[in-house]
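Structure first, then comments.
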Amino acid sequence: MRRRERPRGGSGGTGDTPHEEREEDAGGTAPRGCTSRPARVRAWAELLRLPALFSVPGDALAGTAAVGAPPNARTLLAIGSSLCLYEAGMALNDWADRDVDAVERPHRPLPSGRIRPAAALTAACALTGAGLALAARAGRPALAVAAPLAATVWAYDLTLKHTPAGPVAMGAARGLDLLLGAAATTGRTRQALPSAALLGTHTLAVTTVSRQEAQGGSPLAPLAALATTALLTRAVTHRPSDHRGAAAHGLLGPRATPPPGAALGRKPTAHLTTALAAAYVAATARPYFHATLNPSPPLTQRAVGAGIRATIPLQATLTARSKGTATALLIAALAPLGARFAKKVSVT
């Protein structure tokens, strides 16, 4: 394990004057009593896993594209709601796992003493309230999706995480997040259900791998995630609209011709969808394969991080196949930003 320099403050309750000193964390002991503002900001960034936020806006945008609508002001409210609920889940996750992390990950903000458990729980409650309030501003359909989404997040962190239902709950949460964008923008969600199912399946696979990231385990989970990536790639690049077009052509008659430019209009969309799907595969295939060959904690954690970041090109692919070309490119642009910030703060 690589040694890292961590800030250590004075011990609370002993009468020592708080000050900042640098000490090598050689024995795995966690820093306590962060007193400087940069240290506190760093601790909260770790708690909330801020780089993972780049994987959130694409949910609502993909849901909006799936129902054939352009983003509007209510879409922005849905994105804000998603960001709040996502971060609420992050804070609640560490609060619920503080005793386990004290053994497996003593460097995390709560067991290291850099953030008090009560502060993390308060943040989770406040962020949940803010997320629901933003959804309510977007309209009743959005709130009708955001409420079960928030309930799923809390149920996962408090009870379901360490049960067989854990990955399913996490996949359901990501799918609901996509439906939140559709509900907020148009009030409709039915057309977005296929995209929600595909995105939820990806999240289910990543969550299954993450269950063994602290101690390592069987190669079956990353192998299953690799197979899931292949199946999802096939599904998102398959174009059911082509079949609908063929059926319509048959109704018009064998001599009927499609409108001029119809085929040309489909080609750029198909090419973009294929390119984004290739980026999705490229983001996950190698880390999953390495974790399959050697399911050690470092390689498993790398696979989980890659799976989280790969959510972005998958969202972009789903958006592109729904003919949201500009929105798909916007979502794809979030990927390098997330990767850049992930080098500073871990997303796992």
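- For residues 293-344, the ring-ring contact (aromatic ring centres under 6.0 Å, His included) pairs, not counting sequence neighbours, are Phe54-Phe341.
- Among all heavy-atom pairs drawn from Ala332 and Ile312, the shortest one is CA-CG2, 4.4 Å.
- Under the 3.5 Å distance criterion, the side-chain polar atoms of Arg108 are left unmatched by any main-chain donor or acceptor of Arg98.
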Task: Test side chain to side chain contact (heavy atoms under 4.5 Å, CB included) applied to Ser195 and Arg321, step by step - done: CA-CA 10 Å; Ser195 293; Arg321 79 167 189 162; 4.0 Å; yes
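- Cluster partners of Leu299: none. The rule joins Ile, Leu, Val, Met, Phe, Trp and Tyr whenever side-chain heavy atoms lie under 4.5 Å apart, and it links nothing here.
- Across every non-hydrogen atom of Pro57 and Leu83, the tightest pair is CD-CD2, 4.4 Å.
- Of the possible polar contacts, one joining the Arg114 side chain to the His107 backbone as a donor-acceptor pair under 3.5 Å is found.
- Proximity of a side-chain donor or acceptor of Ser81 to a complementary backbone N or O of Leu77 within less than 3.5 Å is not detected.
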Distance-only criterion, 3.5 Å: show the donor-acceptor pairs between side-chain atoms of residues 197-206 and protein atoms not counting sequence neighbours.
from: Thr201; atom 1: OG1; to: Ala197; atom 2: O; distance (Å): 2.7
from: His202; atom 1: ND1; to: Tyr280; atom 2: OH; distance (Å): 3.0
from: His202; atom 1: NE2; to: Gly307; atom 2: O; distance (Å): 2.9
from: His202; atom 1: NE2; to: Thr311; atom 2: OG1; distance (Å): 3.4
from: Thr203; atom 1: OG1; to: Leu199; atom 2: O; distance (Å): 3.1

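- Under the side chain to side chain contact (heavy atoms under 4.5 Å, CB included) criterion, Asn72 pairs with Arg74, Thr75, Thr185, not counting sequence neighbours.
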Would you mind writing out the side-chain donor-acceptor pairs for residues 137-154 within the sub-3.5 Å range, not counting sequence neighbours?
from: Thr152; atom 1: OG1; to: Pro148; atom 2: O; distance (Å): 2.7
from: Trp154; atom 1: NE1; to: Thr128; atom 2: OG1; distance (Å): 3.0

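- For the ring-ring contact (aromatic ring centres under 6.0 Å, His included) condition, no pair includes a residue of residues 168-197, sequence neighbours left out.
- For the pair Arg49 (side chain) and Leu47 (backbone), a donor-acceptor distance under 3.5 Å is present.
- Under the salt bridge (charged side-chain N to carboxylate O under 4.0 Å, His left out) criterion, Asp97 pairs with Lys161, sequence neighbours left out.
- A 6.0 Å sphere centred on CZ of Arg302 holds no more than 12 heavy atoms belonging to other residues, nucleotides or ligands.
- Every pair tested for salt bridge (charged side-chain N to carboxylate O under 4.0 Å, His left out) that includes a residue from residues 274-301 fails, sequence neighbours excluded, so the list is empty.
- Side-chain contacts under 4.5 Å among hydrophobic residues (ILVMFWY), followed directly or transitively, place Leu276 together with Leu272, Leu329.
- Tyr156 OH to Leu92 CG: the interatomic distance, rounded to the nearest 0.5 Å, is 11.0 Å.
- Panel note: side chain Gln315, backbone Ile331; no donor-acceptor pair is recorded below 3.5 Å.
- Looking at Ser322, its side chain never comes within 3.5 Å of a backbone N or O of Gly324 through a donor-acceptor pair.
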Task: Steps toward side chain to side chain contact (heavy atoms under 4.5 Å, CB included) verdict (Arg42, Ser36) - done: CA-CA 10 Å; Arg42 170 78 183 188; Ser36 70; over 6 Å; no
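- The list of ring-ring contact (aromatic ring centres under 6.0 Å, His included) pairs with a residue in residues 62-105, not counting sequence neighbours, is empty.
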TODO: Tell me, with the steps shown, if Leu160 and Thr163 meet side chain to side chain contact (heavy atoms under 4.5 Å, CB included).
DONE: CA-CA 5 Å; Leu160 299 178; Thr163 71; 4.1 Å; yes
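- Take Arg340 and apply the side chain to side chain contact (heavy atoms under 4.5 Å, CB included) test, not counting sequence neighbours, and it matches no residue.
- Shown here are the side chain to side chain contact (heavy atoms under 4.5 Å, CB included) partners of Ala102, two or more places apart in sequence or in another chain: Pro111.
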Open item on the list: Could you go through Glu87 and Leu53, starting from their C-alpha distance and side-chain angles, then the distance that decides it, and tell me whether this counts as side chain to side chain contact (heavy atoms under 4.5 Å, CB included)?
Closed with: CA-CA 8 Å; Glu87 290 294 42; Leu53 280 181; 3.3 Å; yes
